[in-house]
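All values reported here derive from a predicted model rather than from experimental measurement.
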Amino acid sequence: MISKENILAIAKKTILSESEAIIKLIDFLDENFFEATQRIYETKGRLIVTGIGKSAIIAQKMVATFNSTGTPSMFLHAAEAIHGDLGMIQNDDIIICISKSGNSPEIKVLVPLLKRFGNTLIAITGNVTSFLAKGSDFVLNTTVDTEACPINLAPTNSTTAQLVMGDALAVCLMEMRDFKPEDFAVYHPGGALGKKLLLRVKDMIEHSLKPAVTPDTSIKKAIFEISEKRLGVTAVIEDNKIVGIITDGDIRRMLNDRDTIADLTAKDIMSKNPKLVSSETMAVDALNILEDFSITQLIVADNGEYKGVLHLHDILKEGIV
C-alpha cells in the first residue's frame, strides 16, 4: 500500500507537471496562432476538428466549446474520415487536426486527403517537424518535455496542452465576436445555467394565483385570501393600484399584539410600498432582491398593473440556485 503522504505527493507532482507544460505554451504563441484565429473568424464555413485516440477525445471537447461560444463546429474522427466521413467537409470549412506526434499512420493517410479538398488545415501538434505540421497551413505548437505519467507514455501533459490551446482559440474567437452572456444563453437553454441566463419572472407566474384584497377588506377575509391562494401573502389593491401587502408574518404579529381583530381591516396591518418587480425581470435578479431584503415574496407589477406574486419557492423549484 502506498501511504497517504506518497499519494498526495504524486498528485501534487502531476498537477505541477501539467501546469508547467501549460505555462510553456505561452512561448509558442506566434504569427501562426494569430493567422489561424483570423482565418477561423473570417470563414463562412464551419470548423472541423479531427484527431485519433486521446486527441480525438480532446477534439470532441473542443467542438463542444466552440459550438457553445458561437463558432459552428463538427467532430471528425480521423479513422472514420477515410471510410466515408470526409463527405461532411464542405468548401469553406476550416480543419483543425490534433496529434501529439503528427506522424501516426492515420494522420499520414488523412492529411493528403484533407489537402486535396483545398481547405485550410491547422495543426495542433507536439512535433513541429512532423508529417502533419509540414502538410498544414498553420501550426499551433503544443510540445511538452515529458508526460506526467511516471513511465512517460500515457498522454497527460500533452492532452492538457492540446485542450488549453483549443480553449485559447475559443476565447479569442469569443472576444472577436463580442460574445455576450445573452448569446451564451441561446446555446445553453437547459439546466441551471440556461435558466440563470434566460428565465424571467413572467415565466414563473404565468399560471400562478393572484391573491388580492382592498384596503377596506376585513382581516378575516384577508386571512382567508392568503390561506386560499397558499402563497403566504396578498396584495392590497385600490383603484387598480398596489397600495400595500399583507404577509402571513403580518398576520402573526397582529394576533400577538391584539385580543380581537373584529374591527380591523387590511389597511390597518398592511405594509406600504412593498417591493415590486416587473414580469420582465430576470429570475436571478429577483432572487438577489429576495436575498438582499430577507423576504420570501415579491409583488409583480407592470406599469402599476398587478400581475401576481413571485415566491422564493418558485425560484428554488426551477433549480437556478
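The residues D250 and R252 are annotated as not salt-bridged, no charged nitrogen and carboxylate oxygen being separated by less than 4.0 angstrom. The pair E305-K307 counts as a salt bridge, with a side-chain nitrogen and a carboxylate oxygen less than 4.0 angstrom apart. Salt-bridge check for D93 with K44: failed, with every basic side-chain N at 4.0 Å or more from each acidic carboxylate O. Under a 4.0 Å N-O distance rule, the pair D145/K24 qualifies as a salt bridge. With respect to the salt-bridge test (charged N to carboxylate O, under 4.0 angstrom), the residues K115 and D137 qualify.
Atom CG of N91 sits in a sparse spot, with 12 or fewer heavy atoms from other residues, nucleotides or ligands closer than 6.0 Å. Summarising the local packing, CD of E175 is surrounded by 12 or fewer heavy atoms from other residues, nucleotides or ligands at distances under 6.0 Å. Within a 6.0 Å sphere centred on CG of N273, other residues, nucleotides and ligands contribute 12 heavy atoms or fewer. The environment of CG in L8 is crowded: more than 12 heavy-atom neighbours from other residues, nucleotides or ligands sit within 6.0 Å.
The closest side-chain heavy-atom distance from I96 to I48 is not below 4.5 Å. Within the 4.5 Å cutoff, no side-chain heavy atoms of S271 are placed close to those of T247. You'll find the side chain of I58 reaches within 4.5 Å of the side chain of M62, heavy atoms only. Residues P112 and F131 form a side-chain contact, since some pair of their non-hydrogen atoms from C-beta on lies under 4.5 Å apart. Proximity of I246 to V233: side-chain heavy atoms (C-beta onward) are nowhere separated by under 4.5 Å. Side-chain contact check for T142 versus L25: some heavy-atom pair is nearer than 4.5 Å. At least one side-chain heavy atom of K61 sits less than 4.5 Å from a side-chain heavy atom of D167. Residues L114 and N119 are not in side-chain contact: their nearest non-hydrogen atoms beyond the backbone lie 4.5 Å or more apart.
No hydrogens or angles considered: a donor-acceptor pair under 3.5 Å links the side chains of N157 and S17. Looking at T71 and R177, their side chains do bring a donor and an acceptor atom within 3.5 Å of each other. Side-chain contact of T217 with T214: a donor-acceptor pair under 3.5 Å is present, judged by distance alone. Between the side chains of K108 and S104, no donor N or O sits under 3.5 Å from an acceptor N or O. With hydrogens and angles left out, the side-chain atoms of T143 and N141 include a donor and acceptor closer than 3.5 Å. Side-chain contact check for T43 and D92: no donor-acceptor pair (N or O, by modelled atom type) lies under 3.5 Å.
A donor-acceptor contact shorter than 3.5 Å is absent between the side chain of T265 and the backbone of D216. For the pair S55 (side chain) and G51 (backbone), a donor-acceptor distance under 3.5 Å is absent. Not one N or O on the side chain of S136 forms a donor-acceptor pair closer than 3.5 Å with the backbone of V139. In this structure, S294 contributes its side chain and L290 its backbone to no donor-acceptor pair below 3.5 Å. Within the 3.5 Å criterion, the main-chain N or O of C172 finds no donor-acceptor partner in the side chain of Y41. A distance-only check finds a donor-acceptor pair linking the side chain of D203 to the backbone of R200 [under 3.5 Å]. For the pair S73 (side chain) and V63 (backbone), a donor-acceptor distance under 3.5 Å is absent. Under a 3.5 Å cut-off, the side chain of T125 and the backbone N or O of V128 do not form any donor-acceptor pair. A donor-acceptor pair under 3.5 Å is absent between the side-chain atoms of K272 and the main chain of V243, judged by distance alone. For S19 (side chain) and I15 (main-chain N/O), a donor-acceptor pair under 3.5 Å exists by modelled atom type.
Between K210 and G308, the shortest heavy-atom contact is CG-CA, 3.8 Å. Scanning all heavy atoms of the two residues, the minimum distance from L110 to A81 falls at CD1-CB, 3.6 Å. Contact between A301 and G304 at its shortest, heavy atoms only, is CB-C, 4.4 Å. Here the closest non-hydrogen pair linking A222 and V213 is CA-CG1, 4.1 Å. Taking every heavy atom of both residues into account, I2 and N6 meet most closely at CG2-CB, 3.2 Å. The minimum heavy-atom distance linking A286 with T281 is given by the pair N-CG2, 4.0 Å.
Separation of atoms OG (S68) and CZ (F179) is listed at 7.0 Å; rounding is to 0.5 Å. I223 CD1 to I269 CD1: the interatomic distance, rounded to the nearest 0.5 Å, is 7.0 Å. The CD1 atom of I98 lies 5.0 Å from the CD1 atom of I124; values are rounded to the nearest 0.5 Å. Taking CD of Q297 as the reference point, atom NZ of K275 lies at 13.0 Å (rounded to 0.5 Å). With rounding to the nearest 0.5 Å, the separation of CZ in F75 from CD in E80 is 9.0 Å. Note that the CD atom of E147 and the CD atom of E18 stand 8.5 Å from one another [nearest 0.5 Å].
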Practice task
Report the C-alpha distance between L113 and L86 in whole Å, list the side-chain angles of each, state the deciding distance to 0.1 Å, and finish with yes or no for side-chain contact (heavy atoms from CB on, under 4.5 Å).
Solution key: CA-CA 9 Å; L113 297 175; L86 280 174; 3.9 Å; yes

Practice task
Show your working on side-chain contact (heavy atoms from CB on, under 4.5 Å) between M270 and I245 and close with a plain yes or no.
Solution key: CA-CA 5 Å; M270 72 181 187; I245 186 175; over 6 Å; no

Handout entry: Full working for side-chain hydrogen bond (donor to acceptor under 3.5 Å, both in side chains) between N127 and T129
Key = CA-CA 5 Å; N127 183 355; T129 62; 2.9 Å; yes

Problem - Intermediate values then yes/no, side-chain contact (heavy atoms from CB on, under 4.5 Å), M204 and L199 - result: CA-CA 8 Å; M204 293 182 287; L199 192 67; 3.8 Å; yes

Exercise for the section: Carefully, step by step, assess T120 and F138 under the rule side-chain contact (heavy atoms from CB on, under 4.5 Å). Expected result: CA-CA 8 Å; T120 296; F138 306 104; 3.9 Å; yes

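One hydrophobic cluster holds both I251 and L264 under the rule that ILVMFWY side chains link at heavy-atom gaps under 4.5 Å. Hydrophobic clustering, with ILVMFWY side chains joined whenever heavy atoms are under 4.5 angstrom apart, keeps Y306 apart from L310. Residues I82 and V111 share a hydrophobic cluster, clusters being chains of Ile/Leu/Val/Met/Phe/Trp/Tyr side chains in contact below 4.5 Å. In this structure, I299 is not a member of the same hydrophobic cluster as V236, with clusters built from ILVMFWY side-chain heavy atoms closer than 4.5 Å. Following chains of ILVMFWY side-chain contacts shorter than 4.5 Å, one cannot reach V164 starting from I57, and the two form parts of different hydrophobic clusters.
Note on residues 227-246: pairs passing salt bridge (Lys or Arg N to Asp or Glu O under 4.0 Å), not counting sequence neighbours, are E225-K229.
Applying the side chain to side chain contact (heavy atoms under 4.5 Å, CB included) test between C97 and each of I52, L76, I107 identifies I107 as the sole match.
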